[in-house]
Number of protein chains: 2
Amino acid sequence: MTDTKNVKSRGRPRNFDVDEAVGKAQALFHQRGYDAVSLADLTGALAINPPSFYAAFGSKADLYGRALERYAKTEGLDFDRLLAPEKPLNEALADLFDAAAVAYTTHPEATGCLVIEGARGGTDAVACDKAKTLWRRSRQVVRDVIADRAADRADEITDYVMAVLAGLSASARDGLGAARLRAIGRTASLAFMSDKAR
Amino acid sequence: MTDTKNVKSRGRPRNFDVDEAVGKAQALFHQRGYDAVSLADLTGALAINPPSFYAAFGSKADLYGRALERYAKTEGLDFDRLLAPEKPLNEALADLFDAAAVAYTTHPEATGCLVIEGARGGTDAVACDKAKTLWRRSRQVVRDVIADRAADRADEITDYVMAVLAGLSASARDGLGAARLRAIGRTASLAFMSDKAR
DNA sequence: AGGATTTTGTAGTGACTGATACAAAAAATG
DNA sequence: CATTTTTTGTATCAGTCACTACAAAATCCT
């Protein structure tokens, strides 16, 4: 329905690449957070004027939504792979925490998880809700995968897993490097060694 | 040096209680976060006008600093008590996580830790730094207490403890109640049962 | 009472926020 | 070429932000 960019449309051609712009916006939002990125920052970084911005993205919050989706697609954790059914639960969670530790520190200037930090909200409730929706979706995916192995404790374990991810993201924002983050993840996964977790 | 309120000062008497005002501000900041509380919100809640506000508190960020200190004094975790030297480490950490789970959910409209959430920053770097300073101070206290029992792994364990606290605060903001938060804390403390944590 | 001092309320300040009105420019279509 | 369609740049918009200038009001001191 929505025309792709290679289809020649009618009027004056756009002077900038929309997908590339979403990527730049994603980086800005990840570095500074939604509130701290102004429209002037965005139009400055994209080298366009406000009318072009609004014609292309609708609003700041809408662009944020696209940046969030792009982040989830390109940099988000692959829960289905990390928590593959054939892995033992303890091993799967250890892998998940380790992957998070690495992912949250790959960009030294944009640490932590864009979704988690965005879901913590600020001034704009609409933008916060967009992040919260993605966060809830991730939670649901995690819960479903865990439920296959420990149906009775799925909610409890999911609470713990999401809390650990949030803790890792916060620690990454605090400035902890990958090594220290991975150590945290290793300790967090100890809870599932043997059947200690009653 | 700074005169206390019972000392009769010279000019027109103040029309509101400063300490009480700091308490109200603390509640507002805790509920919505620094950025989402405007000066109009504050002066409205305190039923005063901007000039009275600035004469009493200097700036919004300064009042935030006072609110943070008040929070640490009145609602902050008592690390020295919770991590008392005579307790075994695993028990002490379990107590700490449990106390955090309770503290972060006592005010249903102001969940999580004011310091932790404030340290995650937003628009105002000065305000964020004030929270970060308190967060670092807490970290130092925790580290010192842990170092008495496990000097070689003090940093590693401290990283983990602070990450768990951040995860609990984030989960509280997510809407999890005390029971689910306490379950997270219990699971997080399993890492220190026996000598699994190598 | 009269002067000194501090807080008060009224009414603003400039700077920035996200978002637009409008017309010229640049392309496809007829 | 003329029309249609879309994007562009210029110049804003109203609203909110944290913050103040100023003078009247309310207290203490002499």
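Order of the sequence lines fixes the chain letters, A, B, ..., with proteins taken first and strands second; residue numbering starts at 1 for each chain.
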Results of salt bridge (Lys or Arg N to Asp or Glu O under 4.0 Å) for [X] - residues two or more places apart only:
X: D148(A); value: none
X: R139(B); value: D159(B)
X: D124(B); value: none
X: D129(A); value: none

With sequence neighbours excluded, tell me which residues meet side chain to side chain contact (heavy atoms under 4.5 Å, CB included) with [X].
X: D174(A); result: L176(A), W135(B)
X: S169(B); result: Y104(B), C113(B), I116(B), E117(B)
X: A188(A); result: F97(A), Y160(A), V164(A), Y160(B)

Polar atom pairs between nucleotides 26-30 of chain C and protein, under 3.5 Å, N or O only, would you list them?
unit_1: dA28(C); atom_1: O4'; unit_2: R10(A); atom_2: O; d: 3.3
unit_1: dT29(C); atom_1: O4'; unit_2: R10(A); atom_2: NH1; d: 2.7

ask   = How many Å lie between OH on Y64(B) and C1' on dA18(D), as a whole number?
value = 17 Å

task = Rounded to the nearest angstrom, tell me the gap between atom CG in D17(A) and atom P in dT7(D).
result = 14 Å

ask   = Think S52(B) has a side-chain N or O under 4.0 angstrom from the OP1 or OP2 of dT7(C)?
value = no

request  = Produce a footprint string for nucleotides 13-21 of chain C: one letter per nucleotide, 5' end first; B if the base is under 4.0 Å from any protein heavy atom, S if only the sugar-phosphate is, - if neither.
outcome  = ----SSBBB

message = I need the full list of ring-ring contact (aromatic ring centres under 6.0 Å, His included) pairs touching residues 62-92 of chain A, with sequence neighbours left out, sorted by first then second residue.
response = F29(A)-Y64(A), H30(A)-Y71(A), Y34(A)-Y64(A)

Side-chain polar contacts of residues 44-55 of chain B - donor-acceptor pairs under 3.5 angstrom, sequence neighbours left out - could you list them?
none

ask   = What does F16(B) touch in the nucleic acid at a heavy-atom separation under 4.0 angstrom: a base, only the sugar-phosphate, or nothing?
value = sugar-phosphate

task = Please list residues of residues 121-132 of chain A whose heavy atoms come under 4.0 Å from any atom in DNA chain D, ordered by number; otherwise none.
result = none

message = Quick one about D41(A) and S38(A) (side-chain donor to acceptor, distance below 3.5 Å, no hydrogens or angles considered), yes or no?
response = yes

